[in-house]
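Structure, as structure tokens:
All of these numbers come straight from a predicted model, not from anything done at the bench.
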Amino acid sequence: MPEPPAPVLVLSTNGTTLAVDTQLALEAGEIGTWDWDLATGRMDWSAQMFRNLGCDPHGHEDGDDLYRRLLQAVHPSERADVETAFAGFRTRPGPMRLEARLVWPGDEPHWAVFLGQTVAGPDGRPARMVGITIDSTRRREAEEAGAVALHESERRLREVNRQLQERAERRARQLGASRAQMQAIFDNSPDWLTLFRATADGRFLYEDLNSATEAAYGLDYDQIVGRPVEEILGVEQAQLPLRMMRACIRTGENQRYTAQRTLAGVTRSIDVMFVRVPEKQGDDHFIMSTARDTTERDQMEAQLRQSQKMEAVGQLTGGLAHDFNNLLTAVIGNLELLAPRVAGDATALNYLAAAQRGAGNGAKLTEQLLAFSRRQHLQLRPVDLNTVIEGMLELVTRTIGPTIRVRTVLASDLWPALVDATQIEVAILNLAINARDAMPSGGTLTIETRNCDGSRDAVPAEIDPHCVRVTVRDTGTGMTSDVARAAIEPFFTTKEAGKGSGLGLSQVYGVVQQSKGGLQIDSRPGAGTAVHMYLPQTATTADAGIGARDADELEPAGARILVVDDDPEVREVTFLMLQEVGYDVVGVDSGQAALDCLDRGDAYDLMIVDIAMPGLNGIETVRRAREKRPNLRVLYASGYAEATHDDGQTGPDHRIKKPFRLVELTAEVRNALSRG
């Protein structure tokens with residue numbers, strides 16, 4: 001049986017119309033599209049384009065001058081510049097990029113980025129422009145917030161420098177009479193304040209420093225003063241500040257840089273400024289340095305960026321996963337229906353098994369996409385992680401191969417953790433596979449558990465200090481700090497083409513984040529890698545499992561089912577699967593068609609309804625149906641991750657997530673029918 005065609009991102013033959021799946025993806029990513037015929041002046045917009053410019057997608061008529069409407073959407077302060085820029089772009093073929101502030105209702109500040117291409121006609125002259133528009137408001141607000149913080153930092157640095165200069169002047173005028181007062185300011189500043197002596201022979205020595213600098217260096221005052229910069233910072237870390245101080249002496253101008261520095265075993269982001277002190281002592285110059293620890297600010301600006309990125313990816317993958325899951329429902333269902341019909345043909349069964357494995361892998365891929373984008377809702381329950389790990393050891397050992405030794409170090413008094421046991425198993429397996437790839441010549445994989453107490457253990461700030469830690473440790477090649485920081489990015493991989501999807505660690509990160517936990521990666525080249533998952537602990541006893549009732553007791557005789565799904569292939573395969581196990585089934589393609597069936601007086605024991613349908617969605621269809629049939633039993637189906645998540649919209653009604661197998665569908669139907 002041929003596989004259904006996969007959705008692709010293409011242009012139509014005339015190059016003007018995006019395929020439906022692409023347009024949906026663009027809409028999901030809040031990306032508007034536009035097309036401008038330069039000969040006629042006519043401009044066409046997508047609905048998202050209207051929304052990105054703060055306009056009503058339905059508030060225009062065919063033939064409106066959308067170019068003028070675009071200019072009107074631009075803030076008056078930038079309108080002339082935008083019009084000039086578009087006029088310039090339309091005179092030459094090639095790419096264009098433009099960012100402008102917009103006019104929105106209530107004078108709310110918004111910005112948009114216009115990206116496009118001017119296309120030449122047969123005569124070589126510009127004929128049309130096509131492009132996209134992206135709402136850049138969040139990015140601009142983040143940049144402006146950073147600029148405000150930076151401006152405040154500079155203001156404070158200037159204030160400190162002013163005070164230091166005043167101190168130097170008073171020192172000369174008053175012969176040290178006010179030394180004690182200024183020393184108090186110097187010593188109590190939260191910034192790192194350091195006075196350097198530049199000797200005639202080219203050395204830079206520590207002359208004086210405040211207590212904040214001592215604390216940052218992890219050394220006492222007497223261990224620092226009088227020693228050259230290279231001895232305290234190390235030769236490599238000293239090169240940049242030495243170059244800056246030489247430039248400060250040579251030019252008399254302030255010098256500034258930002259960098260990461262490892263001091264006292266802690267890596268910090270710092271913002272440093274050097275100022276030349278006016279007085280000299282013989283041939284020696286003096287440099288005053290002010291440094292500020294910006295680690296916390298930089299970290300806040302960073303996951304903000306990560307959060308925005310994951311939000312955009314989540315919007316896109318959520319829609320794609322829904323469509324893929326509909327396709328996979330039809331594939332998996334039809335393969336299951338085919339199985340008993342080729343039971344006597346060994347070759348056909350082999351082909352069938354291969355197809356089923358491929359479809360199953362497709363379903364797992366959509367789960368990974370949703371996990372790293374945090375669109376997969378987890379079933380959080382109290383879980384004994386030691387039991388989970390022990391139960392999957394055979395699978396881990398078989399997966400990573402005989403050249404790697406697997407060992408466990410499990411805490412005997414481990415607290416129950418509030419997690420989704422299945423997703424934690426997938427996360428551990430992904431980490432084990434990564435570890436295997438990092439040990440091509442063999443090695444040791446260690447899985448550890450322990451209870452963490454924030455009073456004695458370094459626990460990520462985002463999780464309660466009393467938590468449970470699961471560590472997957474290898475003796476492999478390790479990673480540089482840059483690779484370790486990028487490792488959780490979706491699709492990031494250091495493996496060869498075809499050797500990995502880049503979703504493993506990002507899936508782990510997504511699961512841990514949704515579990516309200518934290519993730520840390522400790523790694524050095526040549527020294528192996530340890531990935532720590534910090535998970536919330538719970539005082540509730542770990543779930544031991546719930547026994548299922550005999551399914552035959554739950555199935556009322558002669559049950560009649562109404563299947564409501566706008567996808568014809570999903571509707572058909574659901575119809576056939578239910579018919580296969582003996583139900584009387586009717587299928588319709590919309591919520592309105594379902595309501596029409598009920599209006600005719602047709603009796604149904606259960607309605608299976610897709611949540612996401614055009615027109616009347618599943619939630620609204622059920623609401624209206626129960627106005628007529630209050631006791632109607634309902635089973636919701638959805639290709640989105642939210643299908644198993646109780647968000648309050650579907651109440652106590654059962655749900656089933658696409659793609660589903662016959663045994664899963666049958667079980668959920670029986671559960672739904674068993675409700676009074």
Side-chain angles (χ1 to χ4, degrees), residues 1 3-4 318-340 352-353 355-371 375-379 420 422-423 426 548 551 554-555 559 561-583 585-589 605-613 617-619 621-622 633-647 650 653-675:
M1 180 175 179
E3 295 185 353
L320 291 176
H322 172 266
D323 292 341
F324 278 124
N325 284 334
N326 272 346
L327 293 171
L328 289 168
T329 300
V331 172
I332 291 173
N334 280 290
L335 289 175
E336 287 202 317
L337 292 171
L338 179 62
L352 184 64
Q356 289 173 324
R357 286 194 299 272
N361 289 335
K364 291 178 182 177
L365 179 60
T366 60
E367 293 288 337
Q368 286 186 305
L369 286 168
L370 293 163
R375 294 277 167 166
Q376 174 66 291
H377 290 281
L378 308 185
Q379 300 295 304
D420 184 315
T422 300
Q423 291 299 325
V426 174
L554 306 178
E555 180 182 353
I561 300 176
L562 178 62
V563 176
V564 188
D565 200 304
D566 63 298
D567 188 299
E569 294 184 348
V570 173
R571 186 172 66 253
E572 177 69 12
V573 76
T574 306
F575 180 98
L576 293 173
M577 292 168 80
L578 292 170
Q579 198 174 59
E580 183 82 1
V581 293
Y583 291 109
V585 190
V586 174
V588 294
D589 61 1
D605 299 291
L606 175 68
M607 180 166 68
I608 302 177
V609 59
D610 186 31
I611 292 179
M613 294 188 297
N617 63 33
I619 305 293
T621 299
V622 171
R633 298 182 183 94
V634 171
L635 174 61
Y636 287 101
S638 176
Y640 287 108
E642 289 83 351
T644 58
H645 176 62
D646 185 6
D647 55 10
T650 58
D653 292 309
H654 288 260
R655 305 193 198 185
I656 187 169
K657 182 182 180 302
K658 303 174 187 176
F660 44 74
R661 298 173 60 239
L662 178 58
V663 64
E664 296 164 341
L665 176 62
T666 303
E668 289 300 332
V669 166
R670 287 171 173 167
N671 286 337
L673 286 170
S674 69
R675 293 188 61 228

*Name all residues meeting the salt bridge (charged side-chain N to carboxylate O under 4.0 Å, His left out) criterion together with E572; count only those two or more places apart in sequence or in a different chain, and write none if there are none.*
none
*asked:* Nearest 0.5 angstrom please: F660 CZ to L328 CG, how far?
replied: 11.5 Å
*Quick one: closest heavy-atom pair of A359 and I332, and the distance?*
CB-CG1, 3.6 Å
_Measuring only between side-chain heavy atoms, which start at C-beta, is I608 closer than 4.5 Å to L578?_
yes
_Give me the atom names and distance for the closest heavy-atom approach of V573 to N334._
CG2-N, 3.4 Å
*Kindly indicate whether the side chain of L606, heavy atoms from C-beta on, has any atom under 4.5 Å from the side chain of Y583.*
no
*For E668, what residues pass the side chain to side chain contact (heavy atoms under 4.5 Å, CB included) criterion, not counting sequence neighbours?*
L635, H654, I656, N671
_side chain to side chain contact (heavy atoms under 4.5 Å, CB included) partners of D566, counting only residues at least two apart_ = D610, M613, P614
*Those residues that, when tested against V663, pass side chain to side chain contact (heavy atoms under 4.5 Å, CB included) (two or more places apart)*: R661
*Counterpart residues, side-chain hydrogen bond (donor to acceptor under 3.5 Å, both in side chains), relative to E664 (two or more places apart)*: none
*Which atom pair, heavy atoms only, marks the closest approach of P659 to T329?*
CA-OG1, 3.2 Å
_Pairing residues for D567 by the side chain to side chain contact (heavy atoms under 4.5 Å, CB included) criterion, not counting sequence neighbours_ = N326, D565, E569, V570
*Least distance between heavy atoms, D605 atom then R633 atom*: O-CB, 3.4 Å
*If every non-hydrogen atom of R571 is compared with every non-hydrogen atom of G587, which pair is closest and at what distance?*
CD-C, 4.0 Å
*Would you name the heavy atoms of P340 and E580 that are closest together and state the gap between them?*
CG-OE2, 4.4 Å
